[in-house]
Amino acid sequence: MASELCQTISVAKLERHKNLFLNYRNLNHFPLELLKDEGLQYLERLYMKRNSLTTLPENLAQKLPNLVELYLHSNNIVFVPEAIGSLVKLQSLDLSDNALEIICPDIGRLRSLRHLRLTNNRLKYLPPEIGKLKELQTLDLSTNHLVTLPEKLHLCQSLRYLTVDRNFLCSIPRHLCQLASLNELSMAGNRLASLPLDLGRSRELQYVYVDNNIQLKGLPSYLYNKVIGCSGCGSPVPISETKLLSFTSGPLSVHLPAEVKSIGLSTDSVLPLQELALRSLHAAFCSVLPDLSCLSHISLPRSLLELLQCPLGHCHRCSQSMFTIVYPKLFPLRETPMAGLHQG
C-alpha cells in the first residue's frame, strides 16, 4: 500500500497533475511524499475522503500553493491549524463527517472560498471572522451542536445556500434578513420558537425549510408563499427560558421573537415612546447617511444602534420600519400555498 501511494504521488508530480485522489487509503497523517520537495505546485484539487486523518499539516499552503478544492470528508480531524488561512486560492473546502469542535478565526482569511461544508461535526459556535468570506455561496452546518449563529454572518453577501439542520438553535439573528443573495435557508430539526419578522422579505429568498421545530407555531407572513417544509412534527424540546411574548387567536398561541417588546393593535392611536424615538432617529439618519453601519457606538448606546441598523421588521403596506412593536395577524393555513403540504 505504501509503495502504491508513493507511486501515485510521484506520477502526479512528474506529470503535473491538477487532480490527486487519495481516498480510502487508511491514512493516519498526510503522506510525507506529499509534503516534501517540489512538484505539486500545479495541483488544484486534492481528494482525501474516508481516511483517518486527525489534523492538517502546517506547511500545506506552502507545498500546495495553487490548491482550489480540498475534500477531507469522513476523517477524524479534531482541529484545523491556523495555516489553513494561507490557502488564498481555495474555493471549496469539505470537512464534513469529522470530529471538529472549533473552527479557528483564520478561516476568515480564505477570501476566495465559495463552498464550505462542515456537516456532522461537534461545533458549538462559529467565529465571527466567517463574515469576512465575501465570496461564500454555500455554507452547510448540518448536524452540529450550534446554539446560535454569528451575527457577522450577514456580511457574507454572496451567500445563496445556508443549511443548519439538526442543531440546537432556539433563534436566529434577525441580521440574516440582510443576506440579499440568499435563495435557500434550511433550519429543520432545531428548537426554534420564532423567526425574524422580516424573514422572506427579500425577493431572492425562495425556499425556507423549518420542519421538526416542535415549538414553532407560526411563520412570518412574508414566508407564506415561499415555505416548502413546515411539518411541525418532532420530539418535544424544552422551550427556552427566555420569556417570549405570544399572540393568541382561538386555540392557537404563536411565540414572537425575543426582541418584540409589545403587541400593537390597528386601533391604537399612540405609539410607545421608545418606538416613536427610534422611528424618528431612523428617519433622521437615513436622510443624511446612505449606510447606517457607519454609525459608531459613541453616537448611540449599543442596543439602540443595533436596532437602528437592523429593524425588527417592516410594515407590509407602507414599508415603515418597526423596532419594538409588531401588529400580528394570523392567516389560516388553507389560505396559503402550503395548504396542500399538510393534507391529513
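This is a predicted model, so every value here is computed, not measured.
Note that the CZ atom of Arg16 and the OH atom of Tyr42 stand 3.5 Å from one another [nearest 0.5 Å]. Atom OG1 of Thr8 sits about 12.0 Å away from atom CZ of Phe21, to the nearest 0.5 Å. Going from atom CZ of Phe168 over to atom CZ of Arg191 covers 5.5 Å, rounded to the nearest 0.5 Å. Leu149 CG to Leu162 CG: the interatomic distance, rounded to the nearest 0.5 Å, is 6.5 Å. The structure places CG of Leu93 at 8.5 Å from CG of Leu87, a figure rounded to the nearest 0.5 Å. Summarising the geometry, atom CZ belonging to Arg111 is positioned 15.5 Å from atom CD belonging to Gln91; distances are rounded to the nearest 0.5 Å.
One N or O on the side chain of Asn75 and one on the backbone of Leu53 form a donor-acceptor pair closer than 3.5 Å. For the pair Asn51 (side chain) and Lys49 (backbone), a donor-acceptor distance under 3.5 Å is present. Checked by atom type and distance alone, the side chain of Asp211 never pairs as donor or acceptor with a backbone atom of Ser186 at under 3.5 Å. A donor-acceptor contact shorter than 3.5 Å is absent between the side chain of Arg203 and the backbone of Gly200. When atom types are taken as modelled, the side chain of Asn66 and the backbone of Lys18 share no donor-acceptor pair closer than 3.5 angstrom. In this structure a side-chain-to-backbone donor-acceptor pair under 3.5 Å is present from Asn98 to Leu72. Panel note: side chain Asp140, backbone Ser142; a donor-acceptor pair is recorded below 3.5 Å. Between the side chain of Thr54 and the backbone N or O of Asn76 there is no donor-acceptor pair closer than 3.5 Å. Looking only at distances, a side-chain donor or acceptor of Asn167 sits under 3.5 Å from a matching main-chain atom of Asn144.
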For a side-chain contact (heavy atoms from CB on, under 4.5 Å) check, start with the C-alpha distance between Leu133 and Leu159, then their side-chain angles and the critical distance, and finish with the verdict.
CA-CA 9 Å; Leu133 302 177; Leu159 192 62; over 6 Å; no
Using the rule given for side-chain contact (heavy atoms from CB on, under 4.5 Å), can you reason through Met48 versus Leu27, listing the C-alpha separation, both sets of side-chain angles and the distance that settles it, and then say yes or no?
CA-CA 9 Å; Met48 300 188 72; Leu27 298 173; 3.6 Å; yes
CA sep, side-chain torsions, deciding dist, call: Arg279, Ser321, side-chain hydrogen bond (donor to acceptor under 3.5 Å, both in side chains)
CA-CA 7 Å; Arg279 290 189 185 186; Ser321 299; over 6 Å; no
Quick one: do Leu176 and Leu153 satisfy side-chain contact (heavy atoms from CB on, under 4.5 Å)? Show the steps, please.
CA-CA 7 Å; Leu176 292 190; Leu153 189 59; 3.9 Å; yes
Worked check of side-chain contact (heavy atoms from CB on, under 4.5 Å) between Leu113 and Glu135:
CA-CA 6 Å; Leu113 196 63; Glu135 301 297 323; over 6 Å; no
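Look at Arg174 and Glu151 and you find no salt bridge, because none of the NZ, NE, NH1 or NH2 atoms lies under 4.0 Å from a carboxylate O.
The environment of NZ in Lys152 is sparse: at most 12 heavy-atom neighbours from other residues, nucleotides or ligands sit within 6.0 Å. For Lys124, the NZ atom counts as loosely surrounded, since its 6.0 Å shell holds 12 or fewer non-hydrogen atoms of other residues, nucleotides or ligands. Heavy atoms of other residues, nucleotides or ligands lying less than 6.0 angstrom from OH of Tyr125 number 12 at most.
Annotation: side chain of Thr55 is in contact with side chain of Pro81 (closest heavy-atom distance under 4.5 Å). Using a 4.5 Å heavy-atom cutoff, the side chains of Pro65 and Gln41 are in contact. With a 4.5 Å cut-off on side-chain heavy atoms, Leu70 and Asp94 do not count as touching. The side-chain heavy atoms of Val88 and Arg109, taken from C-beta on, include no pair separated by under 4.5 Å. Counting heavy atoms from C-beta outward, Asn183 and Gln206 have side chains that approach closer than 4.5 Å. In this structure the side chain of Leu197 never reaches within 4.5 angstrom of the side chain of Tyr222, judged on heavy atoms. Side-chain contact between Ile9 and Pro31 is present, with at least one heavy-atom pair separated by less than 4.5 Å. Looking at heavy atoms from C-beta onward, Leu5 lies in side-chain contact with Leu22 at the 4.5 angstrom threshold.
When only modelled atom types and interatomic distance are considered, Arg160 and Ser181 share no side-chain donor-acceptor pair under 3.5 Å. Side-chain contact, Asn19 with Arg45: a donor N or O sits under 3.5 Å from an acceptor N or O. For the residue pair Asp165 / Thr163, no side-chain donor-acceptor distance below 3.5 Å is found, with atom types taken as modelled. With hydrogens and angles left out, the side-chain atoms of Asp97 and His73 include a donor and acceptor closer than 3.5 Å. Between the side chains of Thr138 and Arg117, no donor N or O sits under 3.5 Å from an acceptor N or O.
Note: Tyr71 and Tyr47 have parallel aromatic rings, judged against thresholds of 30 and 60 degrees for the angle between ring planes.
With sequence neighbours excluded, the residues that form a side chain to side chain contact (heavy atoms under 4.5 Å, CB included) with Glu82 are Asp106. For the side chain to side chain contact (heavy atoms under 4.5 Å, CB included) test, residues two or more places apart in sequence or in another chain that qualify with Gln178 are His154, Cys310. Arg114 meets the salt bridge (Lys or Arg N to Asp or Glu O under 4.0 Å) test with no other residue; sequence neighbours excluded.
By the rule that hydrophobic residues join a cluster once side-chain heavy atoms approach within less than 4.5 Å of another member, Leu155 and Leu116 end up as members of separate clusters.
Scanning all heavy atoms of the two residues, the minimum distance from Ile102 to Leu123 falls at N-CD2, 3.7 Å. For the residue pair His115 and Leu136, the shortest heavy atom distance occurs at N-CD1, 4.0 Å. The shortest heavy-atom contact between Leu182 and Tyr161 is CD1-N, 4.1 Å. Nearest heavy atom pair, residue Leu110 against residue Leu90, reads CD1-CD2, 4.3 Å. Scanning all heavy atoms of the two residues, the minimum distance from Val210 to Met187 falls at CG1-CE, 3.5 Å. Closest heavy-atom contact between Cys177 and Leu199: SG-N, 3.5 Å.
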